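The structure appears right after this line, and notes come after that.
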Amino acid sequence: MQIVDRIKRMCELGLYGEDGKLPSCRDLAMSMGVNPNTVQRAYNQLEEEGYVTSSPKKGYFVNAVDSRRESAAMDKIKELKAAGLTRAELLCIVNTVYGGDDD
């Protein structure tokens, strides 16, 4: 969790930049004194949360803020759906929040 939180903060502060390449699992593990598998798990979690994208044999790259925001919104919608809200109820909530704005 510490690795995930650290990388999230660095992404949010723009230290890696959009499409910035993260250190390899092995390099980050050595610099932090942890097992490479721990870093791999952290990177996988970051990918699931929409912070990074993996590219086989190239590494992990930071997603744009819009992609992260979209991923978080999708997670919330899935959570509301799992709680039993219907599509009509979800749309009603969205319409209420946006107040009928078209943008």
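Computed from a predicted structure; not experimentally measured.
From Gln40, atom CD reaches atom CG of Leu28 across 11.0 Å, with rounding to the nearest 0.5 Å. Separation of atoms CD1 (Ile77) and CG (Leu85) is listed at 11.0 Å; rounding is to 0.5 Å. Atom OG of residue Ser54 and atom CG of residue Leu46 lie 11.5 Å apart, to the nearest 0.5 angstrom. For the atom pair Asn95 CG and Leu90 CG, the distance stands at 11.0 Å (nearest 0.5 Å).
Here Thr86 pairs with Ala88, Glu89 under the side chain to side chain contact (heavy atoms under 4.5 Å, CB included) rule; sequence neighbours left out. Among residues two or more places apart in sequence or in another chain, the side chain to side chain contact (heavy atoms under 4.5 Å, CB included) test is passed with Met10 by Arg6, Leu15, Tyr16. Applying the side chain to side chain contact (heavy atoms under 4.5 Å, CB included) criterion to Asp27, with sequence neighbours excluded, gives Ser24. Under the side-chain hydrogen bond (donor to acceptor under 3.5 Å, both in side chains) criterion, Glu79 pairs with Lys76, not counting sequence neighbours. Considering only residues two or more places apart in sequence or on other chains, Lys8 meets the salt bridge (Lys or Arg N to Asp or Glu O under 4.0 Å) condition with Glu49. Taking the side chain to side chain contact (heavy atoms under 4.5 Å, CB included) definition, one finds that Asn37 meets it with Asn35, Arg41, sequence neighbours left out.
No donor-acceptor pair under 3.5 Å is formed between the side chain of Gln45 and the backbone N or O of Val4.
Hydrophobic clustering, with ILVMFWY side chains joined whenever heavy atoms are under 4.5 angstrom apart, groups Met32 together with Tyr51.
Residues Cys25 and Pro36 approach most closely at CB-O, 4.2 Å, considering heavy atoms. In this structure, Tyr43 and Val52 approach most closely via the heavy-atom pair O-CG2, 3.8 Å.
Remark: Lys21 NZ is packed, more than 12 non-hydrogen atoms of other residues, nucleotides or ligands lying under 6.0 Å away.
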